[in-house]
Amino acid sequence: MPPRHSPGVLRLATSLFATLTAAQHDYSQYVNPFIGSEGPFEGLAFGGGDIFVGGALPFGVAKVGIDTYEDNVTYSVINGGYTPNGHVTGISMMHESGTGGAPKYGLVPQMPLTTVDEPVNILDNRTYWQDRVGNDTTRVGYYATQLENGVGVELSASRHAGIMQYQFPAGEKHVLVDASHYLPSEGGGNAVQAYVGGSIQLEPNGKTYTGHTSVGGGWNEGAPITVFFCGEFEEAPDQAKTFSGRLTDPIQRYHTWSNGPVPEPQFSQNGSSEVSGPLNDRVGALFTWSNSSAATVKSRVGISFISSEKACAFKNDEIPSWNLNDTVTKAVEEWNRDVFSKIQVPTGDAQNRTNLVLLYSSLYFMHLMPSDRTGENPLWQSGEPSWDDFYTLWDIFRCTVSLYHLIQPSYYQGMVRSLIDIWRWEGFMPDGRSGNYNGLVQGGSNADNVLADAYVKGLPGINWTAAYQAMLKDAEVQPYNTFSFTDFTASVKEGRGALYDWVPLGYVSSDRSTRPISRTVEYALNDFALAQVARGEAPDDVEKYMNRSANWQNIWSHNITHKNFTGFLAPRLSNGMFNLTDYNPALCGDCEWSSISYEGVPFEYSFTIPHDMETLIDFMGGPDEFERRLDYIHMPNTSEQNLGANGAAISTIMNIGNEPDFATPYEYNYINKQYKSVEHARALANQYFHDANYGVPGNSDAGALNSWLIWQMLGLYPVVTQPVYLIQSPWFEDINMTINGNATLRIMANGLDNQESYYVQSVKVNGENWDKNWLEHTDIMVNGGTIEFELGSEMTRWENGDVPPSPGHVEKQQIS
Ligand SMILES: *[C@@H]1O[C@H](CO)[C@@H](O)[C@H](O)[C@H]1NC(C)=O
Ligand SMILES: *[C@@H]1O[C@H](CO)[C@@H](O)[C@H](O)[C@H]1NC(C)=O
Ligand SMILES: *[C@@H]1O[C@H](CO)[C@@H](O)[C@H](O)[C@H]1NC(C)=O
Ligand SMILES: *[C@@H]1O[C@H](CO)[C@@H](O)[C@H](O)[C@H]1NC(C)=O
Ligand SMILES: *[C@@H]1O[C@H](CO)[C@@H](O)[C@H](O)[C@H]1NC(C)=O
Ligand SMILES: *[C@@H]1O[C@H](CO)[C@@H](O)[C@H](O)[C@H]1NC(C)=O
Ligand SMILES: *[C@@H]1O[C@H](CO)[C@@H](O)[C@H](O)[C@H]1NC(C)=O
Ligand SMILES: *[C@@H]1O[C@H](CO)[C@@H](O)[C@H](O)[C@H]1NC(C)=O
Ligand SMILES: *[C@@H]1O[C@H](CO)[C@@H](O)[C@H](O)[C@H]1NC(C)=O
Ligand SMILES: *[C@@H]1O[C@H](CO)[C@@H](O)[C@H](O)[C@H]1NC(C)=O
Ligand SMILES: *[C@@H]1O[C@H](CO)[C@@H](O)[C@H](O)[C@H]1NC(C)=O
Ligand SMILES: *[C@@H]1O[C@H](CO)[C@@H](O)[C@H](O)[C@H]1NC(C)=O
């Protein structure tokens, strides 16, 4: 029977509420950790959020959950490990959340089995994988499922460790630990993960095992990462044996038993230790409890990137109790204290529960990644914080990091310092980074945008001299071409692969480079980011980078007309000529690595100039034409490009499932027609975000989509690289946000009715009437403050002050 998924009925609720004081409201009860677990086809993750489901802490290293395998490769996506109906191949300690492309992680597993007799071969998961029966249960810090072999699985997680509890039926009880396990890329290809060695030892106490696994590859094409582990069972098994078997995975540049048959395990002669050796043998251990033992097997597992000793210490320190509920309770407390309570809204009976679920679930998903690996950097010692799983900045630079800045200032400071430290020790900041390895770069070097955004808002504790040096490296040094199969033309590991075009030509050309249109607009914003930081750190550079930030104008073709709109970004050759042969700005080929634009068509990218909206509006023919064009992209059936699974059946050019368009519905603010921003952005939120398994329009992208929804519900939207927020309309009548450490921003909405009364009639900021549809960071985000909305059902042009700024405004000599 295919399991269905509902947020767990609160089995724990009574005990949790008892331990919470009134001041610590249990916001975790509103979190539905399944939002994004399915796509448009019920029972399939395909086209959904690719989310992780399991036990985790905010930005935790351990994300403990099931790994699955789906038979139908066409429709399989197992990036977060979890799929609604896939066969369970293990319960592992490390996962990503929300990522597309080939999977990464699924490392350090256990698998409870009730038999290991033929046809089971413990080196072949197809012989022992398990379907699930009944419904999975999950809530913050807790996951439970029932395997078809009768084993009930419950789990929870701390920061670097997990606790698993297996309820066995009568009969045999085994736990398999296959150190060579990882999430496969079911379709194969260049970006598969590859196991390249491991070890396992049984400790003399009979209960504990330690070891390591090294696995490379995955979407970001990373070097092997070594994860040390330390597992312990509450009760010593009656028998424990280590085993090894030959590696048959086809891997470039590593030794394997090519085209060998499925290997048979060789059990160790002395039974206590295996090392994979020069042929990268698979290694593992099998633990067995005899029939007479208790039916419950409990286990705690710690992980570390430094040593198995540290993994053991994490296990012991973070999970001192064998009562799984103690770890759940601690997780819930931490999520409430450090995450959910940062945004407090009324929770009484009169409230619409769906909106509470959307708010607190979105907060949950935007805190699963990146991972805080401070103290766990195996590559260098610097004393700086260490973060990983920026997957990717391309996704989260637009509005996720600016929310971290407000509600997680100390975590965020750690992230930014870590980005700079990566530059110091490895030469480039990442755009994507996972498994302690930079990659992949989809567009520009967007760490530049993150740094500039933090700089203009005064994030403390950053060495801005170093930050600017790191940004200069991106702007001036062509990264080595590592000849990725993803794109042979230039590096996609880090930096800006098309600098060879950008610097001499002033644009990314369509004949020498891939993704010329999307990379041109992204590089332009990156250079604006340099200009922003240069204002304080290197004033002599400001003019240079301001000029470069206007380079998007170099690929604006003023005389192409499409659907009665004139002027678009267009492909330009290295000889200076536009190539308008068969050019349609509403098409991108397949919007992939070698297309003219990435994950969006040029029509969409033609709206992504946040630093100089003034010129953009001018190029589009003035405010009226700009408005007409914005209206058009929100109209159904305007999309001409089939985006496949990425499209979430969206038929408008405006695609809220994809990050480049995040700011677009808010751009009516730039012509002082804020009510139209509210109209369209609310409609998008209502249409595509739901308290349901198919509740986000496509991959959640490390919480990027979720953070877009939070801003929408707050009634604000940040303009990246500027200390500016566009005013929208909030979804709650009263919001208290804890910002900048311990300041309070209070957002109040009189006259709100989310069904019919949500258009702004007037706004007061800190008690004063406000005639602009935007705010500056210092107005309310430093010391806190209040925003009071008067809402109504009438679309009103309430604002008559200055439009939001265009600090990157540059008038270039126009080309045609
Ligand atoms: C956790 O607590 C709940 C209720 O308090 C109980 O039903 C459940 O069995 C407990 N689980 C474990 C693993 O102790
Ligand atoms: C995969 O699923 C699709 C849709 O249900 C179906 O058309 C196709 O035949 C399946 N392929 C395999 C190999 O089962
Ligand atoms: C699973 O959940 C569905 C809907 O949420 C419900 O109808 C069904 O009864 C549940 N099944 C079991 C076995 O609990
Ligand atoms: C499980 O088995 C499949 C099929 O042989 C294989 O591709 C995969 O790598 C194995 N491991 C996992 C974790 O799925
Ligand atoms: C088992 O063998 C490994 C290497 O083969 C060795 O390091 C270890 O000391 C041995 N253990 C025992 C208990 O003999
Ligand atoms: C926000 O804070 C104010 C002042 O402390 C308080 O009166 C109000 O009830 C709070 N609102 C919410 C939703 O917590
Ligand atoms: C609650 O909000 C959701 C979406 O925001 C909406 O669909 C639903 O109709 C609302 N329910 C009530 C009772 O207002
Ligand atoms: C800041 O970074 C610069 C440039 O890398 C370095 O020279 C300086 O020592 C750093 N300052 C501090 C306080 O670490
Ligand atoms: C111009 O674009 C067309 C259509 O995409 C393409 O076939 C052609 O190769 C391009 N010309 C050059 C010189 O790149
Ligand atoms: C655009 O203008 C340029 C120069 O003014 C001209 O060469 C080109 O043919 C025009 N393209 C179109 C599509 O009209
Ligand atoms: C084309 O756009 C102009 C405004 O630029 C408008 O006046 C005209 O009606 C439009 N034509 C069509 C066919 O939509
Ligand atoms: C909280 O505020 C007090 C005084 O306003 C200040 O001294 C303290 O540093 C602040 N704490 C944090 C975490 O920002």
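If you're wondering where the values come from, they're calculated on a predicted model, not measured in any experiment. Counting begins at 1 with the first residue of the sequence.
Side-chain contact annotation: N436 with N377, donor-acceptor N/O pair under 3.5 Å absent. No hydrogens or angles considered: a donor-acceptor pair under 3.5 Å links the side chains of E221 and T486. Side-chain polar atoms of S434 and N220 form no donor-acceptor pair below 3.5 angstrom. With no hydrogens or angles considered, no side-chain donor-acceptor pair links S244 and D281 at under 3.5 Å. A donor-acceptor pair shorter than 3.5 Å can be found between the side chains of S158 and E318. When only modelled atom types and interatomic distance are considered, D67 and H181 share a side-chain donor-acceptor pair under 3.5 Å. At a cut-off of 3.5 Å, with distance as the only test, a side-chain donor of T514 or R519 sits close to an acceptor on the other residue. Side-chain atoms of H87 and Q130 form no donor-acceptor pair, as typed in the model, at a separation below 3.5 Å. Side-chain contact of D249 with Y182: a donor-acceptor pair under 3.5 Å is present, judged by distance alone. T226 and S214 are linked by a side-chain donor-acceptor pair at a separation below 3.5 angstrom, with hydrogens and angles left out of the test. Side-chain atoms of N446 and N449 form a donor-acceptor pair, as typed in the model, at a separation below 3.5 Å. Q110 and D178 share no side-chain donor-acceptor pair at under 3.5 Å. Checked by atom type, the side-chain pair Q408/H367 shows a donor-acceptor distance below 3.5 Å. In summary, the side chains of T145 and D136 do present a donor paired with an acceptor at a separation below 3.5 Å, with no hydrogens or angles considered. Defined by atom type and a distance below 3.5 Å, a donor-acceptor pair is missing between the side-chain atoms of T127 and D124. For the residue pair N79/W219, the side-chain donor-acceptor check at 3.5 Å is not satisfied. Donor-acceptor pairing under 3.5 Å is lacking for the side chains of S299 and E232. When only modelled atom types and interatomic distance are considered, E522 and W394 share a side-chain donor-acceptor pair under 3.5 Å.
In this pair, F488 and F483 present their aromatic rings tilted. The plane angle is within the 30 to 60° band.
Figure legend: cation-pi geometry between R373 and F305, with NZ or CZ positioned under 6.0 Å from the six-membered ring centre and within 45° of its axis. For K493 and F428, the positive end is not near the middle of the six-membered ring at less than 6.0 Å and at most 45° from its axis. For the pair R132 and Y82, the cation-pi criterion (under 6.0 Å, within 45° of the ring axis) is fulfilled.
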Show me the donor-acceptor pairs within less than 3.5 Å that the side chains of residues 44-63 make with the rest of the protein, sequence neighbours left out.
unit_1, atom_1, unit_2, atom_2, d
K63, NZ, G60, O, 2.6
K63, NZ, L368, O, 2.7
K63, NZ, S371, OG, 3.3

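For W257, there are no side-chain hydrogen bond (donor to acceptor under 3.5 Å, both in side chains) partners at least two apart in sequence or on another chain. With sequence neighbours excluded, the residues forming a side-chain hydrogen bond (donor to acceptor under 3.5 Å, both in side chains) with T210 are Q201, E203, listed by chain and number. Listed by chain and number, the residues in a salt bridge (Lys or Arg N to Asp or Glu O under 4.0 Å) with D474 amount to none (sequence neighbours excluded). When the side-chain contact (heavy atoms from CB on, under 4.5 Å) test is applied to A704, the partners found at least two apart in sequence or on another chain are D395, I396, T400, E659, F662, D701. Not a single side-chain hydrogen bond (donor to acceptor under 3.5 Å, both in side chains) links R424 to another residue, sequence neighbours left out.
Salt bridge status for E426 with R433: present, with a side-chain N to carboxylate O gap under 4.0 Å. Using a 4.0 Å cut-off between charged side-chain N and carboxylate O, E96 and K104 make no salt bridge. Salt-bridge annotation for D487 and R515: present, with a side-chain N of the basic residue lying under 4.0 Å from a carboxylate O of the acidic one.
Closest approach of P430 to A447, counting heavy atoms only: O-CB, 3.6 Å. Contact record, V153 with P112: CG2-CG, 4.3 Å, taken as the closest heavy-atom pair. Residues F228 and S308 share a closest heavy-atom pair of CB-N, 3.5 Å. Nearest heavy-atom pair, A498 versus Y523, reported as atom, atom and distance to 0.1 Å: N-OH, 3.0 Å.
Remark: E599 CD to D590 CG distance equals 11.0 Å, nearest 0.5 Å. One distance of note links CD of E186 with CG of N72; it measures 9.0 Å at 0.5 Å rounding. Here CD of Q193 is found 11.0 Å from CD1 of I251. Values are rounded to the nearest 0.5 Å. Annotation: the span from L419 atom CG to L393 atom CG amounts to 6.0 Å, rounded to 0.5 Å.
Screening I91, T138, T137 for a side chain to side chain contact (heavy atoms under 4.5 Å, CB included) involving Y143 leaves a single residue, T138. Of the listed residues (I710, L705, L709, V339), just one forms a side chain to side chain contact (heavy atoms under 4.5 Å, CB included) with M366, and that residue is I710.
A centroid separation of 6.0 Å or more is found between the aromatic rings of Y105 and H95.
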Could you go through R496 and D448, starting from their C-alpha distance and side-chain angles, then the distance that decides it, and tell me whether this counts as salt bridge (Lys or Arg N to Asp or Glu O under 4.0 Å)? CA-CA 11 Å; R496 299 189 209 168; D448 303 341; 3.3 Å; yes

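Within a 6.0 Å sphere centred on OH of Y480, heavy atoms belonging to other residues, nucleotides or ligands number 12 at most.
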